[in-house]
Amino acid sequence: MSSEEKNYVDATKLTYEQLKKVGKYLQKMIEVGGSDLHIKANAVVRARINGNIVQFGGGIFAKEDALTFVKEILKGRYAEFVEKKEIDFVYPFSDTSRFRVNIFFQMDGISAVFRTIPVKIPAMSELHLPDIIQKFTQLERGLVLVTGVTGSGKSTTLASMINEINLTKKKHIITIEDPIEFVHKDRGCIINQRSVGQDTLSFGTALRAALREDPDIILVGEMRDRETINLALHAADTGHLVFSTLHTIDAKETINRIIATFSTEEQNRIRLSLAGVIQGVVSQRLIPTVDSKRRAAVEVLVRTPTIEKLIMENRDYEIRDVIEKGREHYKSQSFDQSILDLYNEGVISKEMALEHATSAADLELRMSGLTAGKLSEQNGDTKNGAIRLESRDDIFDLK
C-alpha cells in the first residue's frame, strides 16, 4: 500500500465535530478583534489579541482530537500534509471572514495557526500610511519593497496599494502569492492572481512566465531566494513595476539581506542592479496604542541620488541618517521619526515608543526637545574643534 493510499481520508466518514469546535473559537476571536488563533495538541487553545497571547477556554485540545480536526479541514490534502509535514492554505470561514492557515507537526502532535485575513481591503488612508507611499502606486517601473516581521501588516499594506492602482489606473497586474490572501476583483485593471502550489509550481516559475504575459505590475508575495530576487530585479529593470516583501526589520537590513543572499563574486553585480531599480522600501512595526489597538510605525526609504550611491558603494550603514535628512524634501522618514510623531499625537505611550524605537536613548532626547548635538553644546563639548551637530537634518560640521 502506498503512503498516499495509507493516508487517504474518506470524507463521508467524518463528523466534523472538531472542525465545528474550532469554528467556535474562530468566531470568538473575530468578536474580540484577535489576529491569530493557535491550536496545539495536548494544550489549551490560545489567541493573539492586540499583540498578546491569551488563553481561550480552559479545556485541553486532545492529541487525537487535533489529528481528527486536521483530517476534517484538509480532507483530500491530508496525504500531502503527512508527506510534507506542514501545509499552507486559505480557509474561507464565512462571507465576511477568511483565514490564512498553517498546520504543522511538532513534538507533541499537530499544531495549527489561523491568521485573520480581512475580506474588505482597507484604503491607504484607513491604515494611516504616510502620503509618500501612495506615490509609489503611481510609478511606472522599478522595485518597491514592503518589509517587517511576521504579523506587522505587510500583506495588508501591499493589498491596499494594489487596490489603489486597481481603482485609479488601467493596467495588467499579476500577483504570485503563497497563499493568496486578499482577493482583488477587476476594476480599472485586469488582475490575475496565482497561488504557488495550486496555480504555479514556484515563485521562480511564475515570475519567468509573467514576463511573457504582458504585465505592467507584478506582485511577488515574498523574495525568499536568489532565483526569485534575480528575476524580480530583472523584471524591474525591463520596465515593469514590481512589488514584493521581505522579513527584514528596516531599510538598511533589507538592502543587506538582498545582497547577502548572493555569493561574494555576485554581490557587486547585485548592488549595481538593486541601486538601479529600487524605488522605495516601506518597513513596518505594529505598536500597541493608548486605546488598546495597534498602529503601524512606518520607515520609508525613497530613492534619491544619495541612496543610489550608498547602495552602489557598500555604505549601507549611512542609510538611516540619509533617510532622516531627506524627510522635508523627499518625504522619507525613519522609524524613530515615525514613532515620535505617534507619541506627539498621543496615539502611543512613551513606554511603547521607547520599547519599539531603533534607538531608545536618541528618541528620549527628541521627546525632551533635545538632539545629541544640542545636548553636547549645553555641556560645552563643541569647543576646541569638537564635532557639532545642531539637528538630525544638519550636516556634520568638522572644524
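Side-chain atoms are counted along with the backbone in the values below, which use heavy atoms only and exclude waters and symmetry mates.
In the model, D108 has no side-chain atom that pairs as donor or acceptor with a side-chain atom of N42 under 3.5 Å. Side-chain atoms of Q284 and S152 include no donor-acceptor pair closer than 3.5 Å. Side chains of D336 and S334: no donor on one and acceptor on the other come within 3.5 Å. A donor-acceptor contact under 3.5 angstrom links the side chains of S202 and T205, judged on distance only. In this model, a donor atom of one side chain and an acceptor atom of the other lie less than 3.5 Å apart for S263 and E266.
Looking at heavy atoms from C-beta onward, I249 lies in side-chain contact with V149 at the 4.5 angstrom threshold. In this structure, V302 and I132 have side chains that are in contact, with non-hydrogen atoms separated by less than 4.5 Å.
Within the 3.5 Å criterion, the main-chain N or O of R257 finds a donor-acceptor partner in the side chain of T261.
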Quiz prompt | Audit row: I173, T175, side-chain contact (heavy atoms from CB on, under 4.5 Å) steps and yes/no | solution = CA-CA 7 Å; I173 303 172; T175 78; 4.1 Å; yes
Quiz prompt | Criterion side-chain contact (heavy atoms from CB on, under 4.5 Å) on I270 and N268, from CA distance to verdict | solution = CA-CA 5 Å; I270 295 300; N268 189 54; over 6 Å; no
Quiz item: What do the steps show when you test D341 against S338 for side chain to side chain donor-acceptor pair (under 3.5 Å), and what is the final call?
Solution: CA-CA 5 Å; D341 287 344; S338 176; 5.8 Å; no
Practice problem: Please test L310 against V322 for side-chain contact (heavy atoms from CB on, under 4.5 Å), starting from the C-alpha separation and ending with a verdict. | Solution: CA-CA 9 Å; L310 293 182; V322 172; 3.6 Å; yes
Exercise. Carefully, step by step, assess K84 and E86 under the rule salt bridge (charged side-chain N to carboxylate O under 4.0 Å, His left out).
Key: CA-CA 5 Å; K84 295 181 177 178; E86 55 201 351; over 6 Å; no
Self-check item: S111 and Q106: CA distance, side-chain angles, deciding distance, side chain to side chain donor-acceptor pair (under 3.5 Å) verdict
Solution: CA-CA 7 Å; S111 284; Q106 42 84 17; 3.3 Å; yes
Self-check item: I217 vs I165, side-chain contact (heavy atoms from CB on, under 4.5 Å): CA-CA, chis, key distance, verdict
Solution: CA-CA 10 Å; I217 298 162; I165 296 170; 3.6 Å; yes
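Evaluation of the salt bridge (Lys or Arg N to Asp or Glu O under 4.0 Å) rule for E222 yields R224 as partners, not counting sequence neighbours. Not counting sequence neighbours, the partners of T156 by the side chain to side chain contact (heavy atoms under 4.5 Å, CB included) test are P122, L127, F182. By the side chain to side chain donor-acceptor pair (under 3.5 Å) test, D36 is found to be paired with R115, residues two or more places apart in sequence or in another chain being considered. Checked against side chain to side chain donor-acceptor pair (under 3.5 Å), N192 has the following partners two or more places apart in sequence or in another chain: H172. With sequence neighbours excluded, the residues satisfying side chain to side chain donor-acceptor pair (under 3.5 Å) with E308 are R303. Taking E213 as the reference, nothing meets the side chain to side chain donor-acceptor pair (under 3.5 Å) condition, with sequence neighbours excluded.
Evaluation of the ring pair (Phe, Tyr, Trp, His ring centres under 6.0 Å) test over residues 104-127, restricted to residues two or more places apart or in two chains, returns F81-F105. Annotation: salt bridge (Lys or Arg N to Asp or Glu O under 4.0 Å) contacts involving residues 123-152, sequence neighbours excluded, comprise K120-E126, E140-K171.
In summary, of the residues considered (E177, H184, E181), a side-chain hydrogen bond (donor to acceptor under 3.5 Å, both in side chains) with Q193 occurs for E177 alone.
The shortest heavy-atom contact between S283 and A251 is OG-N, 3.6 Å. Here the closest heavy-atom approach between residue A275 and residue I311 is recorded as CB-CG2, 3.9 Å. The minimum heavy-atom distance linking I174 with P215 is given by the pair CD1-CB, 3.9 Å. Residues F69 and A112 share a closest heavy-atom pair of CE2-CB, 4.0 Å. The minimum heavy-atom distance linking A297 with I287 is given by the pair CB-CD1, 3.7 Å. Heavy atoms only, all atoms of each residue included: I323 and L301 are closest at CD1-CB, 4.0 Å.
Atom CD1 of residue I255 and atom CZ of residue R315 lie 14.5 Å apart, to the nearest 0.5 angstrom. Between atom CD1 of residue I258 and atom CD of residue Q267 there is a gap of 12.0 Å, rounded to the nearest 0.5 Å. Interatomic distance, OG of S97 versus CD of Q27, reported as 7.0 Å (0.5 Å rounding). How far CG of L19 is from NZ of K71: 14.5 Å, rounded to the nearest 0.5 Å. Taken to the nearest 0.5 Å, the CZ atom of F93 stands 13.5 Å off from the CD1 atom of I117. The CZ atom of F89 sits 4.0 Å away from the CD1 atom of I103 when rounded to the nearest 0.5 Å.
The hydrophobic cluster of L167 has no other members, since no ILVMFWY side-chain heavy atom comes under 4.5 Å of it.
Note on R366 versus E324: salt bridge recorded, some NZ/NE/NH1/NH2 to OD/OE distance being below 4.0 Å. Salt bridge absent: K170 and D216 never bring a charged side-chain N and a carboxylate O closer than 4.0 Å. Between R208 and E227 there is a salt bridge, since a side-chain N of the basic residue sits under 4.0 Å from a carboxylate O of the acidic one.
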Determine all donor-acceptor pairs shorter than 3.5 Å in which one atom belongs to a side chain in residues 46-65; sequence neighbours excluded.
from, atom 1, to, atom 2, distance (Å)
R48, NH1, G51, O, 2.9
N50, ND2, S292, O, 2.7
Q55, NE2, G57, O, 3.3

Without placing hydrogens or testing angles, list every side-chain donor-acceptor pair under 3.5 Å for residues 236-244, not counting sequence neighbours.
from, atom 1, to, atom 2, distance (Å)
T238, OG1, H234, O, 2.9
T238, OG1, A235, O, 3.1
T238, OG1, H240, ND1, 3.3
H240, ND1, A235, O, 3.0
S244, OG, V220, O, 2.8
S244, OG, M223, N, 3.4

Solution key, residues 350-358 side-chain donor-acceptor pairs under 3.5 Å, sequence neighbours excluded:
from, atom 1, to, atom 2, distance (Å)
H356, ND1, M352, O, 3.0
T358, OG1, R285, NH1, 3.4
T358, OG1, R285, NH2, 3.3

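More than 12 heavy-atom neighbours from other residues, nucleotides or ligands sit within 6.0 angstrom of CG on D186.
Note on V277: it clusters hydrophobically with L211, by side-chain heavy-atom contacts below 4.5 Å among ILVMFWY residues. Follow the hydrophobic side-chain contacts under 4.5 Å out from V183 and you never reach Y91; the two are in separate clusters. L233 and I307 fall within the same hydrophobic cluster, defined by Ile, Leu, Val, Met, Phe, Trp and Tyr side-chain heavy atoms under 4.5 Å apart, directly or through other members. L139 and V300 end up in the same hydrophobic cluster when Ile, Leu, Val, Met, Phe, Trp and Tyr side chains are linked at under 4.5 Å. V113 and I180 sit in two unconnected hydrophobic clusters of ILVMFWY residues. Membership requires side-chain heavy atoms under 4.5 Å apart, directly or through other members.
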